[in-house]
Amino acid sequence: MKLVALADIALAREPRDHLVGSWLWIAPGGLHFAYPTEGFVHVHGLDGAAQVAIVLPADARLPERRDFHGDVVAGLQAGALHPSGRRLALATHERLVLLDAERGQLAARSLFDAGGDEDDGWFGDPGALAFSASGALLWFATTHAEGIARMHCLDATTLTPRGHADLIEFPAPGAFELVAHPTRDEVLWTVACGQDGGGFARVAWAADAPVAEPAPRWLDDRHFWVLGFQPDGRALVLAAGHIELQDAGVPVASHPASGH
């Protein structure tokens with residue numbers, strides 16, 4: 001592992017302190033990362049060298065403001081970089097889009113076209129995206145009705161929904177993060193809800209459906225911050241006040257952490 005110094009990377013022409021969620025997208029495997037600017041997503045290699053700039057659709061501009069009540073405003077809401085570093089998944093306020101560096105738009109799906117047996121055909125308000133390590137699946141974390149966090153699993157080539165799992169109810173607004181497992185079709189999800197607390201879940205693709213096991217967790221007045229996976233698939237989770245090492249969802253070590 002090495003640290004790469006990056007300079008003069010700006011998300012927009014002007015500071016956007018109101019941007020919600022993560023705006024540095026690291027591909028599963030850690031060989032590529034990307035970030036959006038006005039009109040483009042810039043993809044870099046692990047050494048920091050620029051590799052490609054992918055043109056954004058017109059409706060994927062950076063949001064002009066943040067709604068502190070948790071309502072979605074127009075523009076780009078979330079993104080994810082494919083393990084190849086040549087493909088992007090984006091969520092705007094209205095749709096999901098799959099982009100390729102050479103071929104442009106590969107697929108798109110309205111957020112109101114969730115398909116399957118959804119109650120109302122709505123994916124929910126977009127929160128975060130992540131490709132699986134194999135690049136075959138796309139995880140899409142949303143906020144559904146009544147503040148329920150819902151994880152959708154989609155085909156990463158066609159954006160066809162393949163099922164969903166409901167996680168926890170949380171007090172909006174909440175900031176979502178996703179980290180893909182390095183070898184399995186599994187993803188870590190967190191939500192941070194300011195002084196109200198935070199939640200944590202592991203969602204895996206099992207028996208042709210997304211399954212949240214063990215049961216998603218919530219702590220009042222504390223947050224789960226996912227640092228990432230070890231190469232063997234163990235997860236290192238930073239919770240307020242301690243660092244916790246988990247193996248298959250079971251804490252195997254805990255170490256005090258300084259401050260928050």
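Keep in mind that what you see is a predicted model, and the values were worked out from it rather than measured. For this chain, numbers begin at 1 and follow the sequence in order.
The side-chain heavy atoms of T143 and F176, taken from C-beta on, include a pair separated by under 4.5 Å. For the pair W139 and C153, the minimum side-chain heavy-atom distance is below 4.5 Å. With a 4.5 Å cut-off on side-chain heavy atoms, L98 and R87 count as touching. Side-chain contact between P57 and L90 is present, with at least one heavy-atom pair separated by less than 4.5 Å. Between L111 and E94 the shortest side-chain heavy-atom distance does not fall below 4.5 Å. Proximity of F123 to P161: side-chain heavy atoms (C-beta onward) are separated by under 4.5 Å at one or more points. Using a 4.5 Å heavy-atom threshold, the side chains of V41 and L99 count as separate. Side-chain contact between H164 and T142 is absent, with no heavy-atom pair separated by less than 4.5 Å.
Among all heavy-atom pairs drawn from A78 and G127, the shortest one is CB-O, 4.0 Å. Nearest heavy atoms, P83 versus A133: CG-O, 3.5 Å. Among all heavy-atom pairs drawn from G174 and V191, the shortest one is CA-CG2, 3.8 Å. Taking every heavy atom of both residues into account, G75 and H93 meet most closely at N-ND1, 3.0 Å. Closest heavy-atom contact between W23 and P63: CH2-CD, 4.3 Å. Closest approach of G163 and P210 over heavy atoms only: C-CG, 3.5 Å.
Between the side chain of E146 and the backbone N or O of H144 there is no donor-acceptor pair closer than 3.5 Å. At distances below 3.5 Å, not a single donor-acceptor pair connects side-chain atoms of H32 with backbone N or O atoms of L81.
Taken to the nearest 0.5 Å, the NE2 atom of H82 stands 9.5 Å off from the CG atom of L138. Note: L154 CG to F131 CZ = 10.0 Å, rounded to the nearest 0.5 Å. Note that CG of D220 and SG of C193 are 10.5 Å apart. Values are rounded to the nearest 0.5 Å. In this structure, the separation between OG1 on T92 and CD on Q77 is 7.0 Å, given to the nearest 0.5 Å. One finds the CD1 atom of I54 at 7.0 Å from the CZ atom of R86 (value rounded to the nearest 0.5 Å). In this structure, the separation between CG on L178 and CH2 on W189 is 9.0 Å, given to the nearest 0.5 Å.
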Subject >> L96 and L129: CA distance, side-chain angles, deciding distance, side chain to side chain contact (heavy atoms under 4.5 Å, CB included) verdict >> reply: CA-CA 10 Å; L96 285 168; L129 288 162; 3.9 Å; yes
**OP:** Take R109 and T160 through the test side chain to side chain contact (heavy atoms under 4.5 Å, CB included) and record every step on the way to the result.
**Re:** CA-CA 8 Å; R109 182 174 291 272; T160 301; 4.1 Å; yes
**OP:** Let me see the working for F200 and L219 under side chain to side chain contact (heavy atoms under 4.5 Å, CB included), right down to the final yes or no.
**Re:** CA-CA 9 Å; F200 170 77; L219 285 180; over 6 Å; no
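Follow the hydrophobic side-chain contacts under 4.5 Å out from V211 and you never reach W205; the two are in separate clusters.
The salt bridge (Lys or Arg N to Asp or Glu O under 4.0 Å) analysis of residues 185-198, with sequence neighbours excluded, yields the pairs R184-E186, E186-R202. Applying the salt bridge (Lys or Arg N to Asp or Glu O under 4.0 Å) test to pairs two or more places apart or on separate chains, those with a residue in residues 153-173 are R150-D166.
When each of E213, H152, M151 is tested with V203 by the rule side-chain contact (heavy atoms from CB on, under 4.5 Å), just one qualifies, namely M151.
Taking the ring centroids of Y35 and H44, they lie under the 6.0 Å cut-off.
Counting non-hydrogen atoms of other residues, nucleotides and ligands closer than 6.0 Å to CD of E102 gives a total above 12.
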